[in-house]
Protein chains: 2
Amino acid sequence: MAQSVSLKMLATHLGLTVSTVSRALNGYTDISPATRERVKRAADELGYRANQNARRLSIGTPETICYLMPRYASSGTQPFVAQLLQGLGEALSKRNWDLLVSHAGTSKDELAQIDRLVRSGRIGGLVISRPLKNDPRIRLIQDLKCPFVVHGRTAACDDYAWYDIDSARAFVDAVDHLVGLGHSRIAFVGAPLQYQFAQDRLNGYQTGLKGNGLPGDPDLVQIAEFSDEGGEVATNSLLDLPEPPTAIVCVSDAMAFGALAAVRARGLMPGKEISVIGYDGLSFGAHANPPLTTMAQPQAHAGRRLGDMLLSIIDGEDPKKHQELQRAHLLRRQSDGPLQHVVDREKRSIREEHQ
Amino acid sequence: MAQSVSLKMLATHLGLTVSTVSRALNGYTDISPATRERVKRAADELGYRANQNARRLSIGTPETICYLMPRYASSGTQPFVAQLLQGLGEALSKRNWDLLVSHAGTSKDELAQIDRLVRSGRIGGLVISRPLKNDPRIRLIQDLKCPFVVHGRTAACDDYAWYDIDSARAFVDAVDHLVGLGHSRIAFVGAPLQYQFAQDRLNGYQTGLKGNGLPGDPDLVQIAEFSDEGGEVATNSLLDLPEPPTAIVCVSDAMAFGALAAVRARGLMPGKEISVIGYDGLSFGAHANPPLTTMAQPQAHAGRRLGDMLLSIIDGEDPKKHQELQRAHLLRRQSDGPLQHVVDREKRSIREEHQ
DNA sequence: AGGCTAACCGAAACCGGTTTCGGAAGGCAA
DNA sequence: TTGCCTTCCGAAACCGGTTTCGGTTAGCCT
């Protein structure tokens with residue numbers, strides 16, 4: 001790789017010293033306008049670009065932030081990552097900062113990796129996604145005094161910056177919506193509660209029930225692996241109940257897809273006999289069977305905001321001032337519908353018997 | 001952010017000079033084993049990590065590669081990105097290299113950005129995805145003499161390294177499969193041919209036809225925007241034909257989802273009246289209506305291989321030696337099926353009339 | 001004892017920028 | 001002409017590492 005032209009080469013080419021050229025390019029006022037112009041033109045012509053390693057070493061900031069890729073047992077795609085990175089990149093590019101991504105194998109690895117990452121001076125800030133309830137990474141990063149923002153929240157989230165969707169409220173809304181459709185036996189398909197988002201959404205489900213004067217039946221909340229398969233097994237447990245639910249809210253779209261499959265496998269039609277609502281708003285849900293009703297949210301916006309927040313904090317602002325709660329909105333497709341009354345059900349079984 | 005302990009601090013702490021400490025940590029042989037141990041232990045205790053900006057400036061390599069995020073008109077999610085990044089990260093972490101991601105707005109921006117990126121010495125290599133037929137980025141990167149690998153290929157791909165799926169062959173396989181099911185009127189739903197992958201797949205479709213002695217009807221290839229909506233409009237054009245196809249191969253899973261929707265909208269059942277085959281192998285396709293038959297491929301493997309290849313090239317190996325063609329395999333779900341003969345079709349319309 | 005070698009470590013240059021400090025040149029007033 | 005103040009630029013320190021080179025000490029041989 002041909003080493004590009006250095007400051008020294010540019011200086012000798014111009015018959016000036018490096019210090020003069022450097023100041024000319026960086027807009028110092030003690031350089032005559034004539035010289036400044038001459039230097040800038042020469043830099044353009046020779047295609048000079050300051051070596052960033054040298055520059056950053058000198059100015060003392062890495063001008064780089066790092067996104068820690070989430071890792072799950074199920075290696076399923078994380079559809080939101082690409083959009084989040086896109087948004088982060090947009091925010092950073094305004095100031096010419098770089099975006100590093102890092103992923104780790106085990107949880108222990110991850111802590112060691114974070115330690116190495118910030119101690120080695122490579123990065124000026126971190127963003128992490130989907131924290132656990134009591135995420136050891138956050139303590140570590142705080143101890144390291146490295147600026148960071150969290151995409152999501154932990155149980156105790158008072159003393160750091162975060163951007164989150166109010167998923168508790170979203171699940172209240174989802175339950176309200178279903179109650180409005182006449183449902184009263186509403187189930188919850190969830191992910192392991194070590195993830196704070198899983199706990200939040202369960203809480204929302206429960207307060208939604210309470211708000212509508214509905215009893216909380218423990219049989220109606222099923223926790224399973226965070227994947228479409230998990231959604232399927234959880235839903236099967238629900239359908240095996242003596243008195244199965246008439247509506248199901250799922251902690252994610254992926255799990256909802258599994259729920260749809262389980263419902264269909266019993267010869268029932270989601271949106272008719274049973275309502276299913278997801279959470280994420282994946283565009284792909286429009287192609288599910290039937291198209292999935294879901295609580296949607298803007299992922300690219302999340303990336304941009306997280307980037308802006310992190311830069312502000314690095315500039316010295318108080319992290320506590322940067323805590324943003326966004327709302328999800330109901331994206332109604334076809335997997336939800338009014339409660340079928342018992343008469344309807346009986347009609348259906350009679351019809352089926354006659355076939 | 002508390003500046004971590006520097007080499008100098010470590011040295012004074014030990015009563016040695018920085019050069020000694022540095023060599024002790026880097027495994028030079030002219031340091032006594034006793035000193036080496038003493039230094040390493042102190043480094044551990046104090047949590048010393050070499051400043052990477054300084055280190056890389058000194059050793060002259062950025063130890064970082066960059067992935068250029070693909071951008072499309074349709075801002076639809078790129079489900080493969082997360083997995084690809086995962087694989088790239090795995091390959092790089094073996095040597096403690098960093099992974100930068102960069103995205104650009106317009107095409108012109110992207111060229112300028114690449115130029116800045118490599119000239120500024122931030123990166124030691126590049127990987128780009130889904131090149132155009134005649135991709136200006138490749139010429140630029142070659143001119144800059146920056147090591148790179150391409151995920152995909154251009155029209156002329158002899159003189160650089162790439163990793164690609166043999167999508168031409170995959171489409172031959174898909175056509176063969178459909179012919180084996182009795183189909184002869186097979187259509188192609190494609191993306192704009194400026195993308196080389198779109199051209200490759202069209203070629204594969206056509207040679208597949210030829211190999212089975214089938215005529216190539218220009219009406220049966222429909223090019224549309226690279227998205228699910230595009231797939232829908234293309235398929236609608238096909239179904240409006242006086243003699244519509246009985247099978248459709250699609251350039252991507254996303255477009256195939258649109259095709260499924262268009263077919264269902266006419267009251268036809270994909271997999272029965274019309275076969276639809278996608279390309280990508282998205283895990284999500286299992287939840288489409290009906291589950292999408294597709295040509296699948298391993299994305300995480302692609303990332304690992306691309307990373308390994310790039311590192312080899314940076315080490316000085318000949319890029320031409322690193323050209324890898326992988327095969328896709330048919331992942332059969334339920335959107336394909338045997339040709340329904342005319343009698344069947346007539347039966348169906350008679351049945352419909354009687355309802 | 002003198003000399004030679006090997007083992008071990010310190011001094012200093014270097015990577016390529018940024019930034020402080022001071023000095024030379026020129027303009028103006030006294 | 002001297003003195004002072006700007007204006008403009010060069011010299012050099014510095015960021016935090018790596019690496020070359022050379023020097024000191026100890027050990028061994030003759």
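Sequence lines set the chain letters: A, B, ... in the order given, protein chains first and strands last, and positions in each chain run from 1.
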Item to check | Between A/Thr20 and A/Thr17: side-chain donor-acceptor atoms closer than 3.5 Å | outcome: yes
Item to check | Nucleotide nearest A/Ser6 (side chain, heavy atoms from C-beta), chosen from D/dG17, C/dT18, C/dG16 | outcome: C/dG16
Item to check | Interatomic distance, A/Glu63 CD vs D/dC15 C1' [rounded to whole Å] | outcome: 14 Å
Next on the checklist: Take a 6.0 Å sphere around CG of A/Asn134 and say whether it holds more than 12 heavy atoms from other residues, nucleotides or ligands.
Outcome noted: no
Checklist entry - Where each residue is assigned the nucleotide of DNA chain C containing its nearest heavy atom, which of B/Arg36 and A/Tyr48 is assigned the position nearer the 5′ end? => result B/Arg36
Report each atom pair, protein N/O against N/O of nucleotides 11-14 of chain C, whose distance is under 3.5 angstrom.
{"from": "C/dA11", "atom 1": "N6", "to": "B/Ser19", "atom 2": "OG", "distance (Å)": "3.3"}

Checklist entry - In terms of side-chain heavy atoms, does B/Tyr28 have a donor or acceptor partner in B/Ser22 at a distance below 3.5 Å? => result no
Item to check | Distance in angstrom units between A/Leu57 CG and D/dC15 C1', rounded | outcome: 4 Å
Item to check | Nucleic acid contacts - residues 25-33 of chain A versus DNA chain C, non-hydrogen atoms under 4.0 Å | outcome: A/Asn26, A/Tyr28
Next on the checklist: What I want to check is whether the side chains of A/Tyr48 and A/Ser6 have a donor and an acceptor closer together than 3.5 Å.
Outcome noted: no
Next on the checklist: Regarding B/Arg305 and B/Asp308, does a basic nitrogen lie under 4.0 Å from an acidic carboxylate oxygen?
Outcome noted: yes
Next on the checklist: Just by distance, no angles: are the side chains of B/His103 and B/Tyr67 close enough, under 3.5 Å, to form a donor-acceptor pair?
Outcome noted: no
Checklist outcome for this item: When rounded to whole Å, the CG to P distance for the pair A/Leu10 and C/dT18 reads 11 Å
Checklist outcome for this item: Between CZ of A/Arg122 and C1' of D/dG16 the distance, given in whole Å, is 15 Å
Checklist outcome for this item: When rounded to whole Å, the CZ to P distance for the pair B/Arg38 and C/dC8 reads 14 Å
Checklist entry - With no hydrogens and no angle check, is any side-chain donor or acceptor of B/Arg56 less than 3.5 Å from a backbone partner on B/Pro62? => result yes
Next on the checklist: Using a heavy-atom cut-off of 4.0 Å across all strands, would you classify A/Ile59 as base, sugar-phosphate, or nothing?
Outcome noted: sugar-phosphate
Next on the checklist: If I compare all heavy atoms of A/Val81 with all of B/Ala82, which pair ends up nearest, and what's the gap?
Outcome noted: CB-CB, 4.1 Å
Item to check | B/Glu37 CD - C/dC8 P separation (whole Å) | outcome: 14 Å
Checklist entry - With a distance cut-off below 6.0 Å to the six-membered ring centre and an angular limit of 45° from the axis, does A/Arg130 pair with A/Phe197 as a cation-pi contact? => result yes
Checklist entry - Once you round it to whole Å, what is the distance between P of C/dC9 and CG of B/Leu14? => result 11 Å
Checklist entry - When the distance from CD of A/Gln52 to P of C/dC15 is rounded to whole Å, what number comes out? => result 19 Å
